[in-house]
Asker: 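Supplied in C-alpha cells, the structure appears directly below.
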Amino acid sequence: MTTLKIGLVGAGHIAGSHLQAWRRSPGCRLEGIFDTQRAAAEQRARQFGSLEVYDEVTDLVAACDVVDLCTPPHTHAELARLALAAGKHLLSEKPIVTRLADWQALVQLLDKSPASVAVVHNLKYLRAVRRARAWLEVGHIGRLLRLTRLFLTDPASDRMLAAPHWSHELPGGRWFETLPHELYMIHAFLGALEPVSVAALRTPAAPRGVPADEVSVLFRGPAGLADIHYSASCGLNRRQLTLWGTHGRIEVDLLSDTATLSTRRDRRWRRAVGLLPEAAAQIARWPADRAAYLAGQLRGQSPHALLIADYARHLQGRGPSPTPLAEIDYVVRAAHEVGREIDRQAGTPAGGAG
C-alpha cells in the first residue's frame, strides 16, 4: 500500500483533531504543516512530532499527496485551487467555499485533474446519527416524511458569538458556519431538497455575529420535507435532529450523541400513563449506550477521525468517498441561497453579520 503524505494548512482550533485522525489512519504519514502564524504551526509540530513547518504554502503542496485545509472559510477557494491545480487530493473543513462561483471554478479544475475532494461533513459519523440511519433502514419508523433540525445557541457560551470570530463575516453570519451540517444531513436522509422559504427575524437582542437571531428555513422535495430553526435567543443550547416517519420518530441529541426511538401511538390509556414505559426503556439502555460512547472516545473514534479514515481508504482504492460530489454540490448551492436570503431579510450587507 502506497503511503500518503499529508500536509495540513492551518494550525488553529480544529487542526489537532485532523492531525490526530491522520496519524491514526493506516497508510498515511503526516508530512508537514503551514500557517501564516509560524509560531502556531511550530506549536502543532511539537505536539505531534516529526512535522516539518513550511514557510510557503506552495512548498507544502508540492511535498504532499493530500492537502488538508483547516483555515477560515474565506481562504478555502484560493487554497483549494492551488491544491487541485497541482493534482493533489483535497480535504477541507466546511464550508468548502463561501461563493457559488468559487465552487464552480473548482469543479472545472476537478474535471481536468486526477485529484479527489472531500469535505468534513462529520456529523454523519456520530454514533447516534448512524444508529438513526440503521433504524430507518430496517423500517422502524416506516417511510421518512420530514426532518427537523433545531440549533438553539446561547450567545454567552457560543465561542463564535461570545467574541469576534471570522464566521461573522460570512453570508448569514454565524449561521452560515453551521448551515452545511444541516444541509448534508438533509441530503443524507432525504436527498437534494429545495429551499422554498426563509424567514429571518432580527430583534433588538440579536448578538453580534448573526444578522438575524431567529431563522426558520423550509425545504421541499419528492422525498419529503425538512426544516431548520436557528435561534441565538434561546438559552437552552440545544442541537437536535428529529426524523418523522409514517410509524414513529427518531430523536437525536447531537451534543450528547444519543438517539431515541419512539413508535408510540396515541391511545387513551397511553395518555393516562404518559411516557413512562418509553422512558423506562431508555433508562435501561443508558448504561450500555454511554459505555459504548466512552469506549469509542478512548479509541479515538471521533466523527472527524472516522471520516478522515474513510477518506484515506477511498484514496487507497478501498472504499467510496465519505462526501460524494453530489452532496458537496448540494450543500454549496443551498447554503449560497439561504445565507444570502438571511442577509437580505435582515438588511445586512451580503457576507457580513455586523
Side-chain angles (χ1 to χ4, degrees), residues 1-98 102 106 109-110 113-122 125 159 165-167 177 180 300-316 321-323 328:
M1 179 170 53
T2 302
T3 299
L4 293 168
K5 294 180 291 183
I6 313 301
L8 203 80
V9 183
H13 174 76
I14 203 63
S17 296
H18 284 240
L19 290 166
Q20 191 75 262
W22 284 116
R23 188 163 67 177
R24 291 174 179 268
S25 297
C28 299
R29 186 182 82 233
L30 292 173
E31 174 67 24
I33 186 168
F34 168 84
D35 194 286
T36 54
Q37 303 297 319
R38 185 179 173 87
E42 289 174 345
Q43 182 179 358
R44 288 295 186 191
R46 288 192 298 270
Q47 182 182 358
F48 286 87
S50 69
L51 267 177
E52 182 174 349
V53 176
Y54 284 81
D55 290 318
E56 299 292 338
V57 69
T58 50
D59 293 337
L60 173 74
V61 170
C64 299
D65 301 307
V66 183
V67 176
D68 184 347
L69 301 184
C70 292
T71 57
H74 70 272
T75 68
H76 288 178
E78 180 57 27
L79 291 169
R81 185 202 63 76
L82 183 68
L84 295 178
K88 305 306 173 81
H89 301 299
L90 177 70
L91 178 72
S92 174
E93 270 293 334
K94 54 81 195 158
I96 186 171
V97 292
T98 62
D102 290 331
L106 293 181
L109 276 176
L110 280 168
S113 171
S116 168
V117 63
V119 183
V120 182
H121 292 173
N122 61 305
Y125 284 81
R159 67 180 180 85
H165 192 267
W166 49 255
S167 65
E177 191 281 335
Q301 294 178 337
S302 69
H304 272 85
L306 294 172
L307 183 146
I308 287 174
D310 267 3
Y311 188 46
R313 283 189 287 269
H314 170 65
L315 295 179
Q316 294 157 359
S321 171
T323 55
I328 301 171

Asker: Please report the C-alpha distance between Y125 and D310 in whole Å, then the side-chain angles of each, then the deciding distance to 0.1 Å, and finally whether the side chain to side chain contact (heavy atoms under 4.5 Å, CB included) criterion is met.
Answerer: CA-CA 10 Å; Y125 284 81; D310 267 3; 2.7 Å; yes

Asker: Roughly how far, to the nearest 0.5 Å, is NE2 of H74 from OG1 of T98?
Answerer: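 Result: 9.0 Å between the selected atoms.
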
Asker: Answer yes when K88 and D65 have at least one side-chain N-carboxylate O distance shorter than 4.0 Å, and no when they do not.
Answerer: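 Salt bridge absent between K88 and D65.
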
Asker: Below 4.5 Å, heavy atoms only, C-beta onward: do L51 and E31 meet side chain to side chain?
Answerer: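 They are not in side-chain contact.
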
Asker: Evaluate the side chain to side chain contact (heavy atoms under 4.5 Å, CB included) criterion for residues R29 and I6: first the C-alpha distance (whole Å), next the side-chain angles of each, then the deciding distance (0.1 Å), finally the verdict.
Answerer: CA-CA 6 Å; R29 186 182 82 233; I6 313 301; over 6 Å; no

Asker: Run the side chain to side chain contact (heavy atoms under 4.5 Å, CB included) check on H13 and R159 step by step: do they pass?
Answerer: CA-CA 11 Å; H13 174 76; R159 67 180 180 85; 3.3 Å; yes

Asker: Does the side chain of L90 come within less than 4.5 Å of V66's, by heavy atoms?
Answerer: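 Heavy-atom side-chain distance check fails, nothing below 4.5 Å.
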
Asker: For R81 and L106, which heavy atoms make the closest approach, and how far apart are they?
Answerer: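 So the two residues come closest at N-CD2, 3.7 Å.
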
Asker: Any luck finding a side-chain donor-acceptor pair between R23 and Q20 under 3.5 Å?
Answerer: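 Note: R23 and Q20 side chains meet the donor-acceptor criterion.
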
Asker: Return the CG to OG1 distance between L307 and T323, rounded to the nearest 0.5 Å.
Answerer: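 Output value for this atom pair is 6.5 Å.
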
Asker: If we only count heavy atoms from C-beta on, is the L91 to I308 side-chain gap below 4.5 Å?
Answerer: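 Yes; the side chains approach each other to less than 4.5 Å.
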
Asker: Less than 4.5 Å apart, side chain to side chain, heavy atoms only: is that true for F48 and W22?
Answerer: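 A side-chain contact under 4.5 Å is absent here.
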
Asker: Can you name the closest pair of heavy atoms from G10 and A15 and give their distance?
Answerer: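 Scanning both residues, the minimum pair turns out to be O-CB, 3.5 Å.
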
Asker: If we ignore hydrogens and angles and just use 3.5 Å, is the side chain of D35 paired with the main-chain N or O of A11 as donor and acceptor?
Answerer: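 Judged by distance alone, yes, a pair lies under 3.5 Å.
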
Asker: Quick check: closest heavy atoms across I33 and L60, and the distance to 0.1 Å?
Answerer: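 Result for this residue pair: N-CD1, 3.9 Å.
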
Asker: Say whether, by atom type as modelled, one donor and one acceptor occur between the side chain of Q316 and the main chain of P26 under 3.5 angstrom.
Answerer: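 At least one qualifying donor-acceptor pair exists.
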
Asker: With a 4.0 Å cut-off, would you call R44 and E42 a salt bridge?
Answerer: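 The answer is no: the pair does not qualify as a salt bridge.
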
Asker: For Q47, does the CD atom sit with more than 12 other heavy atoms under 6.0 Å from it, leaving out its own atoms?
Answerer: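 Enclosed: over 12 neighbouring heavy atoms sit under 6.0 Å from CD of Q47.
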
Asker: Report yes if the side chains of T71 and H76 come closer than 4.5 Å at any heavy-atom pair, otherwise no.
Answerer: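 Result yes, sub-4.5 Å side-chain heavy-atom pair found.
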
Asker: If you look at every heavy atom in G87 and S113, which pair is closest and at what distance?
Answerer: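 Minimum heavy-atom contact is CA-OG, 3.8 Å.
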
Asker: Hey, what do you get for SG (C64) to NE2 (H89), rounding to the nearest 0.5 Å?
Answerer: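 Answer for the SG-NE2 pair, C64 versus H89, is 12.0 Å.
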
Asker: Please evaluate residues Q43 and R46 with respect to the criterion side-chain hydrogen bond (donor to acceptor under 3.5 Å, both in side chains), reporting the C-alpha separation (whole Å), side-chain torsions for both, the decisive distance (0.1 Å), and the verdict.
Answerer: CA-CA 5 Å; Q43 182 179 358; R46 288 192 298 270; 5.4 Å; no

Asker: Do L79 and V57 come close enough that some side-chain heavy atom pair is under 4.5 Å?
Answerer: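 The answer is yes; the side chains approach within 4.5 Å.
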
Asker: side-chain hydrogen bond (donor to acceptor under 3.5 Å, both in side chains) for E177 and H165? Distances and angles first, verdict last.
Answerer: CA-CA 11 Å; E177 191 281 335; H165 192 267; over 6 Å; no

Asker: Does L4 form a side chain to side chain contact (heavy atoms under 4.5 Å, CB included) with L315? I'd like the steps, not just the answer.
Answerer: CA-CA 9 Å; L4 293 168; L315 295 179; 3.8 Å; yes

Asker: Please report the shortest heavy-atom distance between L110 and A115, naming the atom on each side.
Answerer: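 In terms of heavy atoms, the two residues are closest at CD2-O, 3.7 Å.
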
Asker: Do S92 and V117 make a side-chain contact, defined as non-hydrogen atoms from C-beta onward lying under 4.5 Å apart?
Answerer: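 In short, these two side chains do not touch, never coming nearer than 4.5 Å.
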
Asker: Do S116 and H314 come close enough that some side-chain heavy atom pair is under 4.5 Å?
Answerer: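 Yes; the side chains approach each other to less than 4.5 Å.
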
Asker: Could you grab the distance from atom CZ of R24 to atom CG of L19, nearest 0.5 Å is fine?
Answerer: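 One gets 12.5 Å once the value is rounded to the nearest 0.5 Å.
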
Asker: At what distance, to the nearest 0.5 angstrom, does CZ of F34 lie from SG of C70?
Answerer: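 Result: 13.5 Å between the selected atoms.
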
Asker: Identify the heavy atoms of C28 and T3 that sit nearest to each other, and give their distance.
Answerer: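 Looking at all heavy atoms of both residues, the shortest contact is C-CG2, 4.3 Å.
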
Asker: With rounding to the nearest 0.5 Å, note down the distance linking CG in D55 to OG1 in T36.
Answerer: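 It comes to 12.0 Å.
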
